[in-house]
Amino acid sequence: MWGDRVIVERKEYLEKLIAWKDKKLIKIVTGVRRCGKSMLLEIYQNYLKQHNVEKEQIIAINFENLDYEELTDYKKLYNYLKEHLVTNKMTYIFLDEIQNVPDFPKVLDSLYIKNNVDIYVTGSNAYMLSSEIATMISGRYVQIEMLPLSFREYMESTGSMNDRGIKYAEYLQNSSFPYTLELKNQPNEIREYLEGIYNTIVVKDIVSTHLMTPFNK
């Protein structure tokens with residue numbers, strides 16, 4: 001637990017990020033909305049701090065946070081990041097929900113050619129798997145595809161590997177989305193939460209991707 005949040009470490013994905021640490025590639029974490037991408041980045045940042053990475057070496061921006069709305073202009077974002085790079089040390093850059101920044105591949109490309117920069121980004125599948133984006137940063141990235149909780153992860157989140165039959169029924173009923181762990185024994189709230197995810201995926205990812213995205217010109 002972190003505060004009131006139920007935290008599942010997502011060891012498989014964390015180990016992948018650790019394996020790619022400091023490698024000269026952009027790490028792109030993709031997955032369906034609310035599968036735990038943002039939390040994975042938080043966990044990884046905490047790992048870095050526990051392994052001799054200083055706070056000033058980490059730049060983390062979540063573009064769903066209104067505090068960073070000004071930085072959705074790609075030129076302002078690039079200038080901000082450039083100004084905060086640490087001299088003679090690795091700077092770890094985390095850009096969460098990067099698809100909210102039009103022309104973001106230009107930022108990634110410009111950062112990529114700099115020394116001592118390690119870049120991690122997340123985005124929803126509908127945007128980040130675009131062939132146009134892949135072409136823009138071709139050969140410069142590795143993709144980590146993230147899924148909601150596996151049954152094993154769900155079991156581990158309960159603190160015990162016992163009562164598998166009961167927990168599997170719960171897993172099927174409540175879904176594998178991590179936040180439902182905090183809504184346990186609240187079936188109405190879980191249903192409304194899942195409906196919200198479904199509607200968001202349909203409206204924001206599927207519809208807007210085909211009608212509004214600049215990459216589909």
Side-chain angles (χ1 to χ4, degrees), residues 1-21 23 25-51 60 62-65 94-99 120-130 134 141-207 209:
M1 297 280 290
W2 288 4
D4 295 327
R5 295 185 295 177
V6 177
I7 303 301
V8 182
E9 191 174 62
R10 313 308 302 272
K11 295 178 183 178
E12 174 187 350
Y13 302 107
L14 178 60
E15 288 172 0
K16 287 182 179 180
L17 292 181
I18 294 171
W20 287 108
K21 177 178 176 289
K23 301 294 193 301
L25 287 170
I26 301 165
K27 275 66 76 171
I28 299 180
V29 182
T30 62
V32 67
R33 288 178 182 272
R34 306 299 173 238
C35 70
K37 300 186 296 295
S38 299
M39 181 55 64
L40 175 64
L41 292 193
E42 285 190 43
I43 293 171
Y44 182 54
Q45 289 166 42
N46 190 54
Y47 166 86
L48 293 176
K49 292 173 185 176
Q50 293 174 351
H51 289 79
N62 185 332
F63 291 103
E64 290 189 329
N65 186 336
F94 296 87
L95 304 175
D96 199 3
E97 300 296 347
I98 190 65
Q99 75 275 355
Y120 301 81
V121 303
T122 76
S124 299
N125 283 341
Y127 297 90
M128 300 306 297
L129 299 185
S130 164
Y141 74 97
V142 60
Q143 179 182 337
I144 298 171
E145 297 183 57
M146 192 172 188
L147 297 172
L149 299 177
S150 67
F151 179 55
R152 180 178 183 82
E153 288 175 319
Y154 181 86
M155 288 283 293
E156 291 173 348
S157 75
T158 67
S160 170
M161 300 301 285
N162 299 324
D163 302 320
R164 295 195 175 196
I166 295 174
K167 291 176 181 177
Y168 187 62
E170 293 176 352
Y171 177 74
L172 293 179
Q173 181 176 357
N174 296 339
S175 89
S176 57
F177 285 95
Y179 186 68
T180 60
L181 295 174
E182 299 186 35
L183 300 175
K184 191 173 181 180
N185 301 321
Q186 302 178 60
N188 292 334
E189 286 78 3
I190 289 175
R191 184 175 63 253
E192 292 174 1
Y193 173 66
L194 296 177
E195 287 176 355
I197 293 176
Y198 174 79
N199 291 333
T200 299
I201 291 173
V202 170
V203 174
K204 287 194 174 182
D205 290 348
I206 298 176
V207 175
T209 297

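Not measured: the values here are computed from a predicted model.
In this structure, E97 has no salt bridge (Lys or Arg N to Asp or Glu O under 4.0 Å) partners at least two apart in sequence or on a different chain. By the side chain to side chain donor-acceptor pair (under 3.5 Å) test, Y44 is found to be paired with Y120, residues two or more places apart in sequence or in another chain being considered. Taking the ring-ring contact (aromatic ring centres under 6.0 Å, His included) definition, one finds that Y168 meets it with F151, sequence neighbours left out. Under the side chain to side chain donor-acceptor pair (under 3.5 Å) criterion, S38 pairs with D96, not counting sequence neighbours. Under the ring-ring contact (aromatic ring centres under 6.0 Å, His included) criterion, Y141 pairs with no residue at all, not counting sequence neighbours. Looking at residues two or more places apart in sequence or on another chain, you find a salt bridge (Lys or Arg N to Asp or Glu O under 4.0 Å) between K27 and D118. Listed by chain and number, the residues in a side chain to side chain donor-acceptor pair (under 3.5 Å) with R164 amount to none (sequence neighbours excluded). Evaluation of the side chain to side chain contact (heavy atoms under 4.5 Å, CB included) rule for Y179 yields E182, L183, Y193 as partners, not counting sequence neighbours. For E156, the side chain to side chain donor-acceptor pair (under 3.5 Å) test picks out R152, with sequence neighbours left out. For A60, the side chain to side chain contact (heavy atoms under 4.5 Å, CB included) partners at least two apart in sequence or on another chain are Q45, F94.
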Q: Go through the steps for M39 and I43 under the test side-chain contact (heavy atoms from CB on, under 4.5 Å), then give the verdict.
A: CA-CA 6 Å; M39 181 55 64; I43 293 171; 4.0 Å; yes
Q. Do L48 and K21 pass the side-chain contact (heavy atoms from CB on, under 4.5 Å) test, and can you show the C-alpha distance, the side-chain angles, and the key distance before you say yes or no?
A. CA-CA 10 Å; L48 293 176; K21 177 178 176 289; 3.5 Å; yes
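I144 is listed as a side-chain neighbour of L17, based on a closest heavy-atom distance under 4.5 Å. In this structure, M146 and T30 have side chains that are not in contact, with every pair of non-hydrogen atoms separated by 4.5 Å or more. At a threshold of 4.5 Å between non-hydrogen side-chain atoms, the residues E170 and Y154 count as touching. Side-chain contact between R10 and P178 is present, with heavy atoms from C-beta onward closer than 4.5 Å. By the 4.5 Å heavy-atom criterion applied to side chains, I98 and I28 are not counted as neighbours.
With rounding to the nearest 0.5 angstrom, the OH atom of Y171 is 4.5 Å from the OG atom of S176. Once rounded to the nearest 0.5 Å, the distance linking CG of L194 with OG1 of T180 reads 7.0 Å.
Closest non-hydrogen pair, L14 versus L40, comes out as N-CD1, 3.8 Å. Between P148 and C35, the shortest heavy-atom contact is N-CB, 3.8 Å. When all heavy atoms of L149 and V8 are compared, the pair lying nearest together is CD2-CG1, 4.0 Å.
Using a cutoff of 4.0 Å between basic side-chain nitrogens and carboxylate oxygens, E42 and K37 are not scored as salt-bridged.
Screening residues 190-200 for salt bridge (charged side-chain N to carboxylate O under 4.0 Å, His left out), with sequence neighbours left out, gives no hits. Under the side chain to side chain donor-acceptor pair (under 3.5 Å) criterion, no residue pair touches residues 11-20, with sequence neighbours excluded.
Side chain of K167 to main chain of S160: a donor-acceptor pair is present (N/O by atom type, distance under 3.5 Å, no hydrogens or angles). Remark: the backbone N or O of Y47 is not paired with any side-chain donor or acceptor of Q50 at under 3.5 angstrom.
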